[in-house]
Every structure is written in C-alpha cells, then in structure tokens.
**Q** 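Sending over a structure as structure tokens; questions will come in a sec.
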Amino acid sequence: MMVRNKSRNVPPKASAMTEALRGLGYTAAGALADIIDNSISASADQVQLLFFWDGPASRIVVVDNGQGMDDAELERAMRFGERSPLDARTAQDLGRFGLGLKTASFSQCRRLTVASRKGGETHCLRWDLDVLAASEDGGWHLLEGPDSGVEPILGLLNATSSGTLVLWELLDRLVPSGFAEQDFLDLMDKIEGHLAMVFHRFLGGDCPRLNLTINGRPVAPWDPFLASHPATWSSPVDRLAVDLGTIEVQCHVLPHKDRLSAHEYLSCAGPDGWTAQQGFYVYRNERLLGACRDEKIRYVESTTYGQSAVSFGL
Ligand SMILES: Nc1ncnc2c1ncn2[C@@H]1O[C@H](COP(=O)(O)OP(=O)(O)O)[C@@H](O)[C@H]1O
Ligand SMILES: [Mg+2]
C-alpha cells in the first residue's frame, strides 16, 4: 500500500525569521571575520575594510578582489539556507552552513547590500529588515540594486576586474544609541586586534596570502606562538588521522620575558595580555577558530569539519 503524505507549504515569515536570526551571538569582530572568510573562500588576496563614522548613519564596507558572482550566484548567496552543511565543499572553503553572510551581517545591521563584479558586469542585491517588517505578506522580498546615495561606495568595485562588496547600513547593534565617535574608533581597534589574530596565518609568513587593510592601513598579523622569535621553542608537528581528515598538533613554549625587548614584550602580549593568551588554539584551514585559554572556549565562531590543525600554546 502506498502511503501518501498530504502536505502544506509553511515557509517561515521573513520578518520574524530574520529578526530571530539576529541573536546568534556574534561580536562585531566575529561577524566581520565571517565576511572575510567568504572573501578568502572566493580566492581573494586583497580585502579592504572601510569604516565610515556618521552617528546612526555610520556604514561599514568590505571589498574583496575574489572571483565575484554573477547575478544568479549573487541571488543564491543572498538566500537563507541555500547550501546545506552536508554539501561537499572545496578544500579552501571556510564556509559551512550557507548562512554566514546573512546572519553575520544582520547581527550588526538592518540593511545588507551586496554588489559583485564578474565578467565585466556588476550586480547588486539588498536585504532591508525594515522593508521586510513593513511587508504584510511575510514574504522574502530581496531588493534589486543599492539604496539611493550609496552608488559612490559601489564604485569601489570598479578598481578590480572581479570582486565582491558587502555594505552594512543601519548599524543598530554595532552603533547603539549613545555611541560616540571615540567608541567607534575604540571598536575599530578591537576589531583590528581580533582580525590580526584570527587570520594571522594568512597575513604573516614569508609570502603572505592576504593583504587586509582597515581604512587603508594594513593589518599586521599577531601570532600567538611567536613562531618567528629565535627563543620560541616549538615541538615537531604530530599528525593524528581521524575519520574526517588529519589533525595536526604542535606545542609551543614562548620565550621568557628576559629574552624579549620591551617593545616585543608589549606587542606580543595579544589582545588580552600574556597570561590570558596562553592555552589551546584551534584552526581550520589555517583560520583560527577559537582559543581555549582558561576554563572555557572563547570566541569560537563556527564548528568544524575537514582538515584542521590544533596548536597548544603554553
Ligand atoms: N565575498 C564573496 N565572494 C564570492 N562569493 C561569495 C562571497 N561571499 C559569499 N559568497 C557566496 O555566497 C555563498 C553564501 O555565503 P554564506 O552565507 O557566508 O555561507 P557559506 O559561506 O557557509 O557558504 C557562499 O557559499 C559563496 O558562494
Ligand atoms: Mg560564509
């Protein structure tokens, strides 16, 4: 006997769903790191971060020179849940859930505009949470083109033959009421420190794979293991084969304070200082996912599959 499942199509209401997805617990720095992950996955070797302070009308732009997207690819990129976590990914893809671009952006802003250039053409699509909230049908109204007044920002893409620009506007979470310009500048410093750490393996080494700038200034890598310092001791790399790939484990002992100059001692302390920065550092495809520095894991931004490296900093 054939069992027939009678069904109803019950899509989520766009405004309710998008508001709910705003609370996934991103920090501003973690959200930007997710946007930069996408640029790296798209083979970009240059990523510019631009912060424009203008009170509640402040904006943040991320521009990369990656492979870009055509119109259909851009529409898929803007769609929530277009790719399943079960889908196969290329080895350099840092994505996983098919949600990061949207959830990371909406954790900080109410309007997300993405413009992408590929094959000499630029396409632009936009989500606006206020437009979704005002819509009576609960539909997923993806808007075409930029909001008025931001065309000059989109012009930044003209400098590259292919690439993608992500624009965050209506930064209600990143610029809460009462936020002053100095708070914005302090947040920029915090974001720089976080990105310098998360992407240090892309930003450093003899032949850096990523040139990341914030308002035109290059972000210098911050290596938790001081690998280039002659007084650092590093163990051989241990390779553990597991079902999903290989885990590389390495142990580092950092130099005693007496072996460091005053400048080195200050600059190597890391965002949280010498004592707090010791612990376990977990990487996936060279990207720092998180650090376990005392009793709990901090700033883990995504769970991981595939090839990973674990480094123990002591
Ligand atoms: N900067 C970018 N350049 C090219 N393609 C991008 C970029 N950002 C996002 N995309 C595309 O959009 C898709 C969705 O991105 P995202 O929501 O972050 O999910 P995920 O990274 O898990 O796939 C990516 O898989 C990629 O195909
Ligand atoms: Mg992603």
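In this chain, residues are counted from 1 in sequence order. Both counts, for ligands and for their atoms, begin at 1 and track the order of listing.
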**Q** Which of these passes side chain to side chain contact (heavy atoms under 4.5 Å, CB included) with R59: T113, L50, D54, V150?
**A**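 Among the candidates, only V150 passes.
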
**Q** For the ring pair F199 and H194, is the centre-to-centre distance below 6.0 Å?
**A** no

**Q** To check your reading of the model: name the closest protein heavy atom to atom 23 (O) of ligand 1, its residue, and the distance in Å.
**A** R89 NH1, 2.8 Å

**Q** Check each atom of ligand 1 against the heavy atoms of L101 and keep those under 4.0 Å away; list them by number with element.
**A** 16 (P), 17 (O), 18 (O)

**Q** Flag this pair as yes if the NZ/CZ of R201 is under 6.0 angstrom from the six-membered ring centre of Y283 and inside a 45 degree cone about the axis; otherwise no.
**A** yes

**Q** Can you tell me the protein heavy atom closest to atom 27 (O) of ligand 1 and the distance?
**A** R83 NH1, 4.4 Å

**Q** Any idea which of N38, D37, D34 brings a heavy atom closest to atom 9 (C) of ligand 1?
**A** N38

**Q** Is the Mg ion (ligand 2) under 2.8 Å from any N, O or S atom of S41?
**A** no

**Q** Find the distance between CZ (F179) and CG (L174) and round it off to the nearest 0.5 Å.
**A** 6.5 Å

**Q** Nearest to atom 12 (O) of ligand 1, what protein heavy atom do you find, and at what distance?
**A**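 Looking at atom 12 (O) of ligand 1, the protein heavy atom closest to it is A77 CB, 3.0 Å.
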
**Q** Using distance alone, determine whether G68 and ligand 1 share an N or O pair under 3.5 Å.
**A** no

**Q** Find out whether the Lys NZ or Arg CZ of R22 is both under 6.0 angstrom from the six-membered ring centre of F106 and within 45° of the ring's axis.
**A**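 Relative to the ring axis of F106, which defines the angle, R22 lies outside at least one limit.
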
**Q** What's the shortest distance from atom 6 (C) of ligand 1 to any protein heavy atom, and which residue and atom give it?
**A**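 For atom 6 (C) of ligand 1, the nearest protein heavy atom comes out as M69 CE, 3.5 Å.
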
**Q** Give the atom numbers and elements of ligand 1 that come within less than 4.0 Å of a heavy atom of A42.
**A** 3 (N), 4 (C)

**Q** Please give me the minimum heavy-atom distance between S105 and L112, naming the atom from each residue.
**A** OG-CD1, 3.5 Å

**Q** Does atom CD (E75) have a neighbourhood of more than 12 heavy atoms from anything else shown, all under 6.0 Å?
**A** no

**Q** Strictly less than 4.0 Å: does any protein heavy-atom distance to atom 4 (C) of ligand 1 fall in that range?
**A**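 Given the 4.0 Å limit, the answer for atom 4 (C) of ligand 1 is yes, a protein heavy atom qualifies.
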
**Q** Regarding D147 and R111, does a basic nitrogen lie under 4.0 Å from an acidic carboxylate oxygen?
**A**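 Yes, this pair counts.
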
**Q** Quick check on contacts: which atoms of ligand 1 are under 4.0 angstrom from a heavy atom of K102?
**A** 14 (C), 17 (O)

**Q** With the threshold set at under 4.0 angstrom, would you say G98 reaches ligand 1 through any of its heavy atoms?
**A**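 For ligand 1, residue contact (heavy atoms, under 4.0 Å) with G98 is present.
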
**Q** What is the ring orientation for H200 with F225, classed by angle as parallel under 30°, tilted 30 to 60°, or perpendicular over 60°?
**A**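 Ring orientation of H200 relative to F225: perpendicular.
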
**Q** Quick one: which of D64, L99, I35 has a heavy atom closest to atom 1 (N) of ligand 1?
**A**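 Among D64, L99, I35, the closest heavy atom to atom 1 (N) of ligand 1 belongs to D64.
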
